[in-house]
Amino acid sequence: MSGRHFLQIPGPTNVPDRILRAIDSATIDHRGADFSRLGLEVLDGLRAVFKTRHPVVIYPASGTGAWEAALVNCLSPGDTVLMCETGHFAATWYNLARRYDLETIYLPGDWRHGADPLAIELQLVGDKAHKIKAVCIVHNETSTGVASRIAEIRAAMNRAGHPALLIVDTISSLASIDYRHDEWGVDVTVAGSQKGLMLPPGLSFNAVSDKALSAAKTATLPNSYWNWEAMLAANKNGLFPYTPATNLLYGLREAIAMLLDEGLDAVFARHARLAEATRRAVRGWGLDIVCLEPSEYSNSLTAVMMPDGHDADAYREVVLANFNMSLGNGLGKLAGKVFRIGHLGDFNELMLAGTLSGVEMGLELANIPHQKRGVQAALDYLAGSAGEDNDVAAA
Ligand SMILES: *Cc1c(COP(=O)(O)O)cnc(C)c1O
């Protein structure tokens with residue numbers, strides 16, 4: 001098909017040409033002086049993106065590796081971790097933890113709300129013996145388009161006066177939704193390259209607090225590849241204890257420059273605007289958004305419920321075959337029931353207009369009951385002609 005493919009899944013996202021060109025350079029000696037400068041530059045630049053003064057570890061791995069790294073560095077056999085069932089990614093992380101010698105508490109959820117700060121507080125207050133060593137939260141649940149309120153969860157942990165570490169998965173929120181590692185008292189932030197950071201898959205990250213570093217000194221879960229100590233020692237000189245993904249680091253240097261040039265606040269505002277336009281489109285079609293709590297709407301993707309009796313995957317096939325656009329599938333128990341529109345990363349108004357047009361035409365071609373008002377509602381909002389009281393939800 002001629003023209004560009006529209007990759008509107010919520011990660012991997014569209015990689016900007018500027019980053020692709022940066023990656024397309026000769027691979028250099030990863031123990032030499034040029035590499036050392038590159039390493040120091042990206043390790044330092046990342047701190048601004050995570051909003052931390054503390055070290056950020058870079059792994060040549062997908063996000064799942066950084067999940068595992070966070071657990072095996074900080075915890076010991078028999079430790080209890082508290083997790084919240086927000087959706088498929090929380091469930092996958094929970095299953096990963098269960099494969100280690102860890103006790104798990106899994107607070108149930110309906111996949112339409114974020115992690116509940118009050119439920120977390122009650123668990124911690126009830127844990128007088130401090131058996132719970134870590135609270136693990138998925139910030140932006142990519143299977144549902146629900147963003148948990150991390151600052152409120154931190155406040156709940158503080159109210160409980162409980163010493164557990166706070167470990168947060170920001171794989172689909174970093175560099176698209178406001179996030180503050182230091183200010184929110186997060187101990188380990190887990191992230192990946194292929195979503196808000198606009199890179200291809202293959203890098204992942206742990207931002208690490210002082211408290212997490214001291215927990216790591218006495219933690220005894222076995223680990224080697226993921227070990228922070230060896231990594232941080234080599235990172236002091238911009239180097240790595242094993243071969244880093246050199247060309248992806250060229251891309252990372254470019255991605256950090258692009259994000260800081262635009263300004264993180266402007267990046268977050270752009271994502272918020274495009275997300276709001278998308279939600280107006282969904283309401284205009286008369287379809288339901290999976291997320292039920294407006295203060296938890298995700299600004300990096302929107303998950304949309306298919307009307308009963310219609311298969312979301314058959315619908316996505318129609319969109320791909322006719323308009324060369326990939327939409328995200330339903331995951332876990334939402335398989336076939338939900339499609340997801342990714343609106344994060346290197347993205348703007350006209351890319352969104354094209355995306356929403358493809359969704360609307362697909363609804364027509366696949367005979368999904370809907371109203372043809374979604375694209376117009378989004379365009380009105382983006383053009384600034386839809387005031388607060390002109391919200392299609394109220395119409
Ligand atoms: C994509 C994603 C993951 C999985 O990351 P991989 O890079 O596929 O290992 C985990 N958590 C969230 C929230 C994600 O969006």
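Each ligand, and each atom within it, is numbered from 1 in the order the structure gives. FYI, side chains are in, hydrogens and waters are out, and symmetry mates aren't considered; it's all heavy atoms of this structure.
Between H271 and H343, a ring centre-to-centre spacing not shorter than 6.0 Å is recorded. Two rings, from Y315 and F339, have their centers less than 6.0 Å apart. In summary, the aromatic rings of Y179 and F268 are positioned with their centroids too far apart to meet the 6.0 Å limit.
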For ligand 1, which of its N or O atoms have a protein N or O partner closer than 3.5 Å, and how long is each gap?
from	atom 1	to	atom 2	distance (Å)
ligand 1	7 (O)	G63	N	2.8
ligand 1	7 (O)	Q194	NE2	2.8
ligand 1	9 (O)	S62	OG	2.5
ligand 1	9 (O)	G63	N	3.2
ligand 1	9 (O)	T64	N	2.8
ligand 1	9 (O)	T64	OG1	2.5
ligand 1	11 (N)	D169	OD2	2.7
ligand 1	15 (O)	T142	OG1	2.4
ligand 1	15 (O)	K195	NZ	2.6

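Using a 4.0 Å cut-off between charged nitrogen and carboxylate oxygen, D178 and R180 count as a salt-bridge pair. Salt bridge status for E293 with R112: absent, with no side-chain N to carboxylate O gap under 4.0 Å. Looking at R4 and D17, a side-chain N of the basic residue comes within less than 4.0 Å of a carboxylate O on the acidic one, giving a salt bridge.
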